[in-house]
Amino acid sequence: MSDLTVFNSAQVPDFARNNELSETALALTGGSTGSSIKRISIKGGVFRLVSGGKEVASIEDRHLDVIIVKAAPKVSRIFYAGAYDKDAAAAPPDCWSNDGEKPDASAKNKQAQTCLSCPQNQAGSGQGNSRACRYQQRLAVVLENNPGGDVLQLTLPATSVFGKEDGDKRPLQAFARHLALANPPINPEQIVTRMKFDTKAESPKLFFSPVRWLTNDEYAVVKTQAESTDAQRAVVMTVAQTDGVKGAPALPGKAPVVEAEEEAPAPKAKTAKKKAEVVEEDESEPEVRKDAAKPSAVPEKKSKLADIVADWDDE
């Protein structure tokens with residue numbers, strides 16, 4: 001087991017709680033450590049563990065229990081100018097927005113001054129009647145049985161974010177509204193959330209449901225995790241930045257990334273009569289860009305994702 005496991009995130013002293021790499025650390029690492037963020041991918045309707053842009057493992061379970069520790073304050077957007085090519089090397093997106101209102105300053109190929117005026121926001125700019133620029137929601141989550149472990153980025157396509165509830169099947173926003181209507185209202189970071197694939201959907205799509213309240217001890221750990229640098233990065237970094245895709249800009253003030261897979265989303269349009277009306281013409285998650293090299297082999301099958309994540313400490 002790695003000696004770093006003694007530095008449990010739940011026991012970090014106050015002076016180190018919001019750490020960023022110092023000049024000393026950067027000097028000793030050669031100026032770059034790469035992105036430390038790991039993430040959960042839902043490519044192909046399977047929960048997959050991705051670290052450094054490489055798939056570490058996948059599981060067969062159709063659901064996964066997590067704790068949502070942080071969410072991006074606004075739904076983001078992402079655009080690729082080129083057509084998907086499964087044999088092409090991973091590449092960062094051409095344009096993206098963290099607030100869904102204007103392109104990020106570091107976007108290499110901005111399409112417009114604002115997202116609302118962008119031609120890629122028009123119906124028909126993508127496949128069929130869809131929009132070429134797609135919506136996504138970024139979350140920072142931890143596994144239920146390891147709240148003090150790795151903070152994992154989860155990037156959700158629009159199909160998993162928008163839409164109406166159908167019985168107990170709720171996309172993310174409908175799920176959050178359902179919790180808010182409880183008496184007293186329930187915050188997502190106070191409970192264990194079950195993510196379950198919609199087996200009837202052609203593209204990866206998740207529904208969300210409550211499992212149980214956190215214990216007092218678990219909640220204390222989750223509050224600490226929410227303030228961590230990893231949680232902050234998880235909700236602002238694109239998948240290309242998280243995976244270290246070459247050419248992806250580093251976040252200001254953060255350690256630079258080194259060397260994709262999926263940027264998710266789908267459309268939500270505004271009409272002249274109704275603002276922020278969700279249009280569900282094509283909410284399928286786009287194909288994922290990935291390295292030309294074959295993905296790394298999946299280790300021995302394990303029944304629980306938590307078992308696999310635990311192994312990362314030994315790498």
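Just so it is clear, the values below take in all heavy atoms, side chains as well, and ignore hydrogens, waters and symmetry mates.
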### Query
Do the side chain of Ser160 and the main chain of Leu206 share a donor and acceptor less than 3.5 angstrom apart?
yes
### Query
Is the backbone of Cys118 close enough, under 3.5 Å, to the side chain of Gln113 for a donor and an acceptor to pair up by distance?
no
### Task
May I ask you to test the Leu64-Leu143 pair for a side-chain heavy-atom distance under 4.5 Å?
yes
#### Entry: Point-to-point distance, once rounded to the nearest 0.5 Å, from CG of Leu116 to CD of Glu101
9.5 Å
### Task
Taking all non-hydrogen atoms of both residues into account, name the closest pair between Pro92 and Ala240 and its distance.
CA-CB, 3.8 Å
### Query
Do Pro171 and Phe162 have side-chain heavy atoms sitting under 4.5 Å apart?
no
#### Entry: Of all pairs that satisfy salt bridge (charged side-chain N to carboxylate O under 4.0 Å, His left out), the ones with a partner from residues 166-180, not counting sequence neighbours
Glu165-Arg170
### Query
For Asp99 and Ser97, does a side-chain donor sit closer than 3.5 Å to a side-chain acceptor?
yes
### Test side chain to side chain contact (heavy atoms under 4.5 Å, CB included) applied to Val161 - qualifying residues, sequence neighbours left out
Gln137, Leu156, Gln173
### Summary
So NZ of Lys38 and CG of Leu152: to nearest 0.5 Å the spacing works out to 8.0 Å
### Query
Is the side chain of Arg131 donor-acceptor paired with the backbone N or O of Gly124 at a distance under 3.5 Å, no angle test?
no
### Task
Apply side chain to side chain contact (heavy atoms under 4.5 Å, CB included) to Lys223 and list each qualifying residue two or more places apart in sequence or on a separate chain.
Tyr219
### Task
Would you check if the side chain of Glu227 reaches a backbone N or O of Thr224 as a donor-acceptor pair within less than 3.5 Å?
no
### Task
Give the intermediate values and the outcome of side-chain contact (heavy atoms from CB on, under 4.5 Å) for residues Ile78 and Cys133.
CA-CA 6 Å; Ile78 198 146; Cys133 186; 5.9 Å; no
### Query
Can you check whether Pro157 reaches Ile42 side chain to side chain, under 4.5 Å on heavy atoms?
yes
### Message
Does any part of the side chain of Val222, heavy atoms only, come nearer than 4.5 Å to the side chain of Leu214, both counted from C-beta?
### Response
yes
### Query
Do side-chain atoms of Asp94 reach the backbone of Asn109 as a donor and acceptor pair under 3.5 angstrom?
no
### Query
By side chain to side chain contact (heavy atoms under 4.5 Å, CB included), which residues pair with Ala220, not counting sequence neighbours?
none
### Query
What do the steps show when you test Ser106 against Trp96 for side-chain contact (heavy atoms from CB on, under 4.5 Å), and what is the final call?
CA-CA 9 Å; Ser106 59; Trp96 72 90; 3.3 Å; yes
### Task
Applying side chain to side chain donor-acceptor pair (under 3.5 Å), name anything that partners Gln122, two or more places apart in sequence or on another chain.
none
## Note on the structure
For Ser58 and Val46, the nearest pair of non-hydrogen atoms, with its separation, is CB-CG1, 3.8 Å
### Task
May I ask you to decide if Asn121's main-chain N or O and Arg77's side chain share a donor-acceptor pair within less than 3.5 Å?
no
### Task
List the atom of Ser125, the atom of Ala132, and the distance in Å for their closest heavy-atom pair.
OG-N, 2.9 Å
## Note on the structure
One should read off an interatomic distance between Arg39 CZ and Asp150 CG, to the nearest 0.5 angstrom, of 14.5 Å
### Query
Do any pairs count as a ring-ring contact (aromatic ring centres under 6.0 Å, His included) and have a residue in residues 185-216, sequence neighbours left out, and if so which ones?
Phe47-Phe197
### Any donor-acceptor pair under 3.5 Å from Lys110 side chain to Ala105 backbone
yes
#### Entry: Nearest-0.5 Å distance that lies between atom CD in Gln120 and atom SG in Cys95
8.5 Å
### Task
Look up atom CZ in Arg48 and atom CD in Glu55, then write down how far apart they are to the nearest 0.5 Å.
4.5 Å
### Message
Please enumerate all residues that pass salt bridge (charged side-chain N to carboxylate O under 4.0 Å, His left out) together with Lys108, with sequence neighbours excluded.
### Response
none
## Note on the structure
What one should report as the nearest heavy-atom pair of Ala226 and Val69 is CB-O, 3.3 Å
### Task
Of all the heavy-atom pairs spanning Phe79 and Gln111, show the shortest one and how long it is.
CE2-CD, 3.4 Å
### Query
Residues in side chain to side chain donor-acceptor pair (under 3.5 Å) with Ser209, at least two apart?
none
### Message
Show every salt bridge (charged side-chain N to carboxylate O under 4.0 Å, His left out) that has at least one partner inside residues 199-214, sequence neighbours left out.
### Response
Glu144-Arg212, Asp198-Lys205, Arg212-Glu218
Could you give the side-chain donor-acceptor pairs of residues 187-196 under 3.5 Å, partners two or more places apart or in another chain?
{"unit_1": "Gln190", "atom_1": "OE1", "unit_2": "Asn187", "atom_2": "N", "d": "3.1"}
{"unit_1": "Arg194", "atom_1": "NE", "unit_2": "Asp65", "atom_2": "OD1", "d": "2.8"}
{"unit_1": "Arg194", "atom_1": "NH2", "unit_2": "Asp65", "atom_2": "OD2", "d": "3.0"}

### Message
Which residues pass the side chain to side chain contact (heavy atoms under 4.5 Å, CB included) test with Ala234, not counting sequence neighbours?
### Response
Ala140, Gln153
### Query
When rounded to the nearest 0.5 angstrom, what distance separates CG in Leu49 from CD1 in Ile59?
7.5 Å
### Task
Kindly determine whether Arg138 and Asn98 satisfy side-chain contact (heavy atoms from CB on, under 4.5 Å), including the steps that lead there.
CA-CA 10 Å; Arg138 299 187 190 116; Asn98 274 317; 2.5 Å; yes
#### Entry: Heavy-atom pair of closest approach, residues Ala180 and Pro185
O-CB, 3.5 Å
### Task
Please lay out, stage by stage, how Lys54 and Val50 fare under the test side-chain contact (heavy atoms from CB on, under 4.5 Å).
CA-CA 5 Å; Lys54 304 295 184 180; Val50 179; 5.9 Å; no
